[in-house]
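What follows is a set of notes on a single structure, which appears directly below.
It should be emphasised that the depicted structure is a prediction, and the values quoted were computed from it without experimental measurement. For the numbers below, each heavy atom of this structure counts, side chains included, while hydrogens, waters and symmetry mates do not. Chain letters run A, B, ... following the sequence lines, proteins first, then strands; residues in each count from 1.
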Amino acid sequence: MSTATPRYRFAPSPTGYFHVGGARTALYNWLLALKNNGTFVLRIEDTDESRNQPQWTQGIIDALAWIGIDSNDPHFEGPYFQSTNAEAHVAAAHKLFAAGHAYYCDLTTEQIQERAKAAGLNGYDGYSRDRGLAAGPGHVLRFKVPAGKTIVHDTVRGEVEFDNSTIEDFVLLRGNGTPVFLIANVVDDMTMNITHVVRAEEHLPNTPKQQMLWDALGVTPPVWAHVPVLVNEQRKKLSKRRDKVAVEQYREEGILPEAMVNYLMTLGWAPIGDTEIVPWEQIVQEFSLESVNHSPAFFDIKKLQAFNGEYIRKMPLADFVVAANNILTSAAATWPAERYKPEVFAAMAPLVQTRVAVMAEVVDMVDFLFMAEPPIDDAAFTKAFSADFAIPTLTQIATAFETIEWNAESIKQAVEAVGTEHEVKLGKLQGPLRIAITGRSVGPPLFEPIELLGRDESLRRIRAALSRK
RNA sequence: GCCCCCAUCGUCUAGUGGCCUAGGACACCACCCUUUCAAGGUGGCGGCACGGGUUCGAAUCCCGUUGGGGGUGCCA
């Protein structure tokens, strides 16, 4: 509740690739820091014995940078590592013990369960509260939850009341003396002078416990805010196991960071007016925690892609060409690298830009220009060549192609002339031609790429298709 | 089981007691445009979970029901 510079924090654990839900939480904290001229503190919560991998930390920093959270920005502070502060966590726990707010217990998990079962209760019953145990191997330190109620003031949800009798005496220090998340998290927030804790709703049940810790340690708790979780189509919290949640994966597919950020911000919140596609600056200006929804939001990949398509179309052509070149020269390319011709793609780019929702799609859109033998879709081939006009018109088109001036306009005219003669509309007529040239039944407009491909290669492909039958 | 949160078109949302005959976006459908496919344009389909209150008046306030979700670790 400090009146000084607000300090927000994002505290992920480095247990894998970066989760879109984490991205959203980070974004909230970041934009609040920007909006209120505060600080965004990155703290890596790496105290899990087994699941941490150092390389994930860099992954987090890279992913944050990708969505615009720049570690060089003056609003950014960190990263800090929770494991570094283990001594402070233990010290705080000892302080709690010394002050009578905590006690040691030697019961094993199995014994606790047995007792609970016998008593018809659930969870730990406070058995060791008054046994006066000292620290020792296998003794956990538990917090002595006081009687009464704990009221959490949550910026997004209002007041949430918990009856302390429903909260068991939770563990602060493990049997081996190491601190547990609840205390580590609180002590770190304290030492880092965090004023606002903005995190996902799954932490709401932890909050009364943490608030009791702040109180017992004699420090005013921060402002709490719990934003709703992101869910999948089954309305379950997004999970690494069954859902596509890796930010890195979306990046690789060619989701633009601006689109990802904009989309994420429309989950649980909406900018003023009838437009959802808005610049980040506007979001920073209009956003408030008080206005975020209270219910979980479905992370809809289709809509993300629609946003992305719109962002792609809004890009200046030159930027689009650069972005596409990155994909086209990456491992995603389906042709030998030396066959790629940037100038050929550049000529095609305007025709491609309105036709892709994610950048990865440009590969299939132009592959026939760079592959020596683009594979032919058999079903599409059979269908296109089953028309009785197919062979005669295509044959005639080939003949015309031998002598016409070689540019898109006259190529189009030549094809149209054949269509007029056979009374076949251009839409139908181009079917066999398209298959012959591209191997597919759909794609970008045909005549420009035919020009780009060149007379000889175009004729070769048409004749190959003709003799395929 | 227990604790907590939540509830507007299929989905994301606008809406903070009269401006609501409930607005927009994605998806879907139709038409226009058109060189296939897109893009663009126009139009359409479709919603306040239910039941009680409060009020002159309720999507908006209260209670209950139902339905969802989260948590319930010596994980974070």
Side-chain angles (χ1 to χ4, degrees), chain A residues 11-15 45-52 82 105 107-109 112 120-124 138-142 152 154 156-158 160-163 165-168 170-182 184-185 200-208 226 228-229 231 233-237 263 266-277 291 293-300 302-307 309-310 313 351-357 365 380 384 412 415-416 419 425-431 433-435 438 440-448:
Chain A
S13 51
T15 56
E45 304 218 323
D46 56 349
T47 48
D48 185 310
E49 336 72 42
S50 54
R51 294 193 299 169
N52 297 305
Q82 184 157 76
C105 175
L107 257 39
T108 62
T109 305
I112 290 168
L121 296 167
N122 40 322
Y124 182 67
H139 292 193
V140 302
L141 184 67
R142 285 180 181 274
V152 171
D154 188 291
V156 349
R157 281 152 212 286
V160 184
E161 187 177 298
F162 296 83
D163 190 327
S165 67
T166 65
I167 300 172
E168 65 180 43
F170 52 93
V171 171
L172 263 19
L173 258 27
R174 302 185 179 95
N176 64 7
T178 59
V180 142
F181 158 75
L182 252 10
N185 193 264
E201 191 192 352
E202 65 212 56
H203 287 290
L204 189 50
N206 288 146
T207 309
H226 291 89
V229 293
V231 297
E233 208 154 9
Q234 287 72 240
R235 304 245 117 219
K236 300 283 189 205
K237 191 173 72 160
Y263 176 64
T266 65
L267 261 21
W269 179 83
I272 296 167
D274 282 346
T275 317
E276 289 180 308
I277 308 275
S291 63
N293 273 170
H294 299 182
S295 39
F298 170 45
F299 184 76
D300 186 351
K302 274 236 181 87
K303 190 160 180 178
L304 202 213
Q305 292 182 340
F307 269 52
E310 198 150 330
R313 276 172 253 126
L351 303 178
V352 176
Q353 191 173 9
T354 58
R355 267 162 259 258
V356 294
M365 203 66 70
K412 181 186 179 192
V415 174
E416 275 175 335
K425 290 210 165 158
L426 193 49
K428 285 191 148 192
L429 184 64
Q430 65 154 351
L433 212 211
R434 179 179 289 282
I435 294 285
T438 74
R440 293 197 178 87
S441 57
V442 299
L446 238 200
F447 307 119
E448 291 80 357

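The base-pairing partner of B/A25, taking Watson-Crick or G-U wobble contacts with both distances under 3.5 Å, is B/U11. Look at B/C2: its Watson-Crick or wobble partner, with both distances under 3.5 angstrom, is B/G71.
Atom CD of A/Glu202 is separated from atom P of B/G73 by 16 Å (rounded to the nearest Å). The distance from atom CD1 of A/Ile272 to atom C1' of B/A14 is 11 Å, rounded to the nearest whole Å. Computed from coordinates, the A/Lys302 NZ to B/C26 P distance equals 13 Å when rounded to whole Å. Residue A/Arg157 contributes atom CZ, which lies 7 Å from atom C1' of B/C6 at whole-angstrom precision. The separation between A/Leu304 atom CG and B/C12 atom P is 14 Å, rounded to whole Å. Note: CG (A/Asn206) to C1' (B/A76) measures 9 Å, nearest angstrom. In this structure, CD1 of A/Ile167 is placed 17 Å from P of B/C2, rounded to the nearest angstrom. The CZ-C1' distance, from A/Phe181 to B/G71, rounds to 12 Å in whole Å.
Here A/Val160 lies in heavy-atom contact (under 4.0 Å) with sugar-phosphate atoms only. Across all strands, A/Ile112 comes closer than 4.0 Å to no nucleic acid atom at all (heavy-atom distances). If you check every strand for non-hydrogen atoms under 4.0 Å, A/Glu161 touches sugar and phosphate atoms only. Counting any heavy atom pair closer than 4.0 Å across all strands shown, A/Phe298 reaches sugar-phosphate atoms only and no base atom. Across all strands, A/His203 comes closer than 4.0 Å to base atoms (heavy-atom distances). Heavy atoms of A/Gly268 sit under 4.0 angstrom from primed sugar atoms or phosphate atoms, though from no base atom.
Listed for the A/Thr166 side chain is no donor-acceptor partner under 3.5 Å among the backbone atoms of A/Phe162. The main-chain N or O of A/Phe299 is never found under 3.5 Å from a side-chain atom of A/Tyr263 such that the two would form a donor-acceptor pair. Side-chain N or O atoms of A/Glu168 include one that pairs as donor or acceptor with a backbone N or O of A/Tyr124 at under 3.5 Å. Side-chain N or O atoms of A/Thr178 include none that pairs as donor or acceptor with a backbone N or O of A/Arg174 at under 3.5 Å. A side-chain donor-acceptor contact under 3.5 Å links A/Asp154 to the backbone of A/His226. Proximity of a side-chain donor or acceptor of A/Ser13 to a complementary backbone N or O of A/Thr15 within less than 3.5 Å is not detected. Within the 3.5 Å criterion, the main-chain N or O of A/Leu351 finds a donor-acceptor partner in the side chain of A/Arg355.
In this structure the side chain of A/Met365 reaches within 4.5 angstrom of the side chain of A/Pro444, judged on heavy atoms. For the pair A/Asn185 and A/Asn206, the minimum side-chain heavy-atom distance is 4.5 Å or more. In this structure, A/Thr47 and A/Pro179 have side chains that are not in contact, with every pair of non-hydrogen atoms separated by 4.5 Å or more.
For B/A30 and B/A39, the P atoms lie 15 Å apart once the distance is rounded to whole Å. Taking atom P on both B/G53 and B/C9, the two are 25 Å apart, rounded to the nearest angstrom. If you take atom P in B/A7 and the same atom in B/C48, they sit 16 Å apart, rounded to whole Å. Between the P atoms of B/A25 and B/G44, the separation comes to 12 Å (whole Å). Rounded to a whole angstrom, the distance from the C1' atom of B/U65 to that of B/U21 is 30 Å. Separation of the P atoms belonging to B/G41 and B/C50 is 35 Å when rounded to the nearest angstrom. Nucleotides B/U55 and B/C45 are separated by 38 Å at their P atoms, to the nearest Å. When the C1' atom is compared between B/C61 and B/G15, the two are found 15 Å apart, to the nearest whole Å.
In terms of phosphate contacts, A/Thr108 brings no side-chain nitrogen or oxygen within less than 4.0 Å of OP1 or OP2 of B/C74.
The listed nucleotides are B/A76, B/C6, B/C12; the one nearest the side chain of A/Ala297 is B/C12. Relative to the side chain of A/Asp274, the nucleotides B/U13, B/G24, B/A76 differ in distance, and B/G24 lies closest.
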### Task
Assess whether side chain to side chain contact (heavy atoms under 4.5 Å, CB included) is satisfied between A/Glu202 and A/Val229, documenting all intermediate values.
CA-CA 7 Å; A/Glu202 65 212 56; A/Val229 293; 3.6 Å; yes
### Query
Does the salt bridge (Lys or Arg N to Asp or Glu O under 4.0 Å) test come out yes or no for A/Glu276 and A/Lys303, once each step is laid out?
CA-CA 11 Å; A/Glu276 289 180 308; A/Lys303 190 160 180 178; 3.2 Å; yes
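At most 12 heavy atoms of other shown residues, nucleotides or ligands fall within 6.0 angstrom of atom CD in A/Glu233.
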### Query
For nucleotides 62-69 of chain B, read 5' to 3', which letter fits each nucleotide if B means a protein heavy atom sits under 4.0 Å from the base, S means only the sugar-phosphate is that close, and - means neither?
-------S
### Task
Treat primed atoms plus P, OP1 and OP2 as sugar-phosphate and everything else as base, then score nucleotides 34-51 of chain B 5' to 3': B for base contact with protein heavy atoms under 4.0 Å, S for sugar-phosphate contact only, - for none.
-BBBBSS-----------
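There is a side-chain donor-acceptor pair under 3.5 Å between A/Asp163 and A/Ser165.
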Atom pairs under 3.5 Å, N or O on each side, protein against nucleotides 7-9 of chain B: can you list them with distances?
none

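For A/Lys303 against B/A25, a side-chain N or O and a base N or O form a donor-acceptor pair under 3.5 Å.
Both A/Gly175 and A/Pro205 lie near RNA chain B, and the one whose nearest nucleotide falls closer to the 5' end is A/Pro205.
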